[in-house]
Structures are given as structure tokens and as C-alpha cells.
Amino acid sequence: MRVVLDRILRPFGLAVVKRRSPEPLFQHVYPGGWAEYRKTQIFHNRRSVDRVWADDATLSLIAEDLKAHDLGRNGICHGARNGFEVAWFRANLCGDVIGTDISDTANDFPHMHEWDFHDENPD
């Protein structure tokens, strides 16, 4: 997954790097730290669980890149809210794709799992 993300980010001058700090990295500053970040993410997930931000054109480009680089059909889509992208990739890549989201609402959708992607999951 790191390789795929890295290829997507490189044209924008960004890269995936390994962190050496045990503190999780998040984009915005939360005065309440990790607990506030988590609470905020879950609140907004619940508020917009029926909304989808991905579209066929964008997902098609990602799928084409995966296929072009022979990166396989199986994967994990983190922060997938209601599983739209998961269902799309499963259908279009004909693979075993699962999704995660920090909110327990993930458990309401097929092939989705409640999981905070900042936490390691040996499974």
C-alpha cells in the first residue's frame, strides 16, 4: 500500500515516509491532542456517513495505476466511511479489498471494519 500511495503523492511533491516518533501524525492541530482528534473524526464520520467523495473517474485512474504497476487486486482502503470505494475496487479489480474507518459505523457496511489506521493491526 505504501508504494501505491507514494506513486499517487509523488506528482504533488509529497512522499510516504516512515515515522520514528510513537506520536501519531495528523494533518490538523487539535488542542485536545489525540483524544480530540479521534472524537472529531468519529463525529464527522457519523454526520456525513451517507456522503461519498470519490468518483468513478478518480477510482478508475487509481485502478489503472495499480494494474499498470502489477500491484495486485487485494488491498485495504483506510478511512472508507461507508465502503463506497471498497465496493468499487472489489467490483473493478475483482479482488479482495477491505475497508476501515475509525467510527463504529464501519461495521454497518459490507467488507468494512472499525479500525483506527494509526494502530498497527497484525491481522
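Worth saying up front: this structure is predicted, and the values here are computed from it rather than measured. Note: hydrogens, waters and symmetry copies are ignored here, and every other heavy atom, side chains too, is used.
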Practice task
Show which residues join I98 in its hydrophobic cluster (side-chain heavy-atom contacts under 4.5 Å, direct or indirect), or state none.
Solution key: I76
Problem - Pairs touching residues 96-116 that satisfy ring pair (Phe, Tyr, Trp, His ring centres under 6.0 Å), sequence neighbours left out - result: none
Exercise for the section: Name all pairs fulfilling the salt bridge (charged side-chain N to carboxylate O under 4.0 Å, His left out) condition that reach into residues 78-96, sequence neighbours left out, sorted by first residue then second. Expected result: R90-D96
Handout entry: Linked, directly or transitively: V86 and L61 (ILVMFWY side chains, under 4.5 Å)
Key = no
Handout entry: Single-linkage hydrophobic cluster, 4.5 Å side-chain cutoff, V49 and F43 together
Key = no
Handout entry: Short side-chain to backbone donor-acceptor contact, N74 and G95, under 3.5 Å
Key = no
Exercise for the section: Work out which heavy atom in A63 is nearest to a heavy atom in W88; give both atom names and the distance. Expected result: CB-CZ3, 3.9 Å
Practice task
Under the side chain to side chain donor-acceptor pair (under 3.5 Å) rule, collect the residues that match up with E114, sequence neighbours excluded.
Solution key: N107
Handout entry: Atom pair CH2/OG1 of W53 and T58 - distance to nearest 0.5 Å
Key = 13.5 Å
Fill in the blank from the handout: By ring-ring contact (aromatic ring centres under 6.0 Å, His included), H78 pairs with (sequence neighbours left out) F117
Practice task
Over all heavy atoms of both residues, which pair between A80 and G99 is shortest? Give the atoms and the distance, please.
Solution key: CB-CA, 4.3 Å
Exercise for the section: Without swapping roles, check the side chain of T40 against the backbone of E36 for a donor-acceptor pair under 3.5 Å. Expected result: yes
Handout entry: All side chain to side chain donor-acceptor pair (under 3.5 Å) counterparts of N92, not counting sequence neighbours
Key = none
Problem - Whether over 12 other heavy atoms sit under 6.0 Å from R7 CZ - result: yes
Completion exercise
Residue pairs passing the side-chain hydrogen bond (donor to acceptor under 3.5 Å, both in side chains) test with at least one member in residues 60-69, sequence neighbours excluded, are D65-H69
Practice task
Answer whether the closest heavy-atom distance between the side chains of W34 and H118 falls below 4.5 Å.
Solution key: yes
Problem - salt bridge (charged side-chain N to carboxylate O under 4.0 Å, His left out): pairs with one or both residues in residues 45-56, sequence neighbours excluded - result: R46-D104
Exercise for the section: Output, in order, the C-alpha distance, side-chain angles, deciding distance and verdict of side chain to side chain contact (heavy atoms under 4.5 Å, CB included) for N45 and I42. Expected result: CA-CA 5 Å; N45 171 283; I42 292 171; 5.5 Å; no
Practice task
For the residue pair S103 and Q41, establish whether any side-chain heavy-atom pair is separated by less than 4.5 Å.
Solution key: no
Practice task
Report yes if some heavy atom in the side chain of I62 is under 4.5 Å from a heavy atom in the side chain of F89; otherwise report no.
Solution key: yes
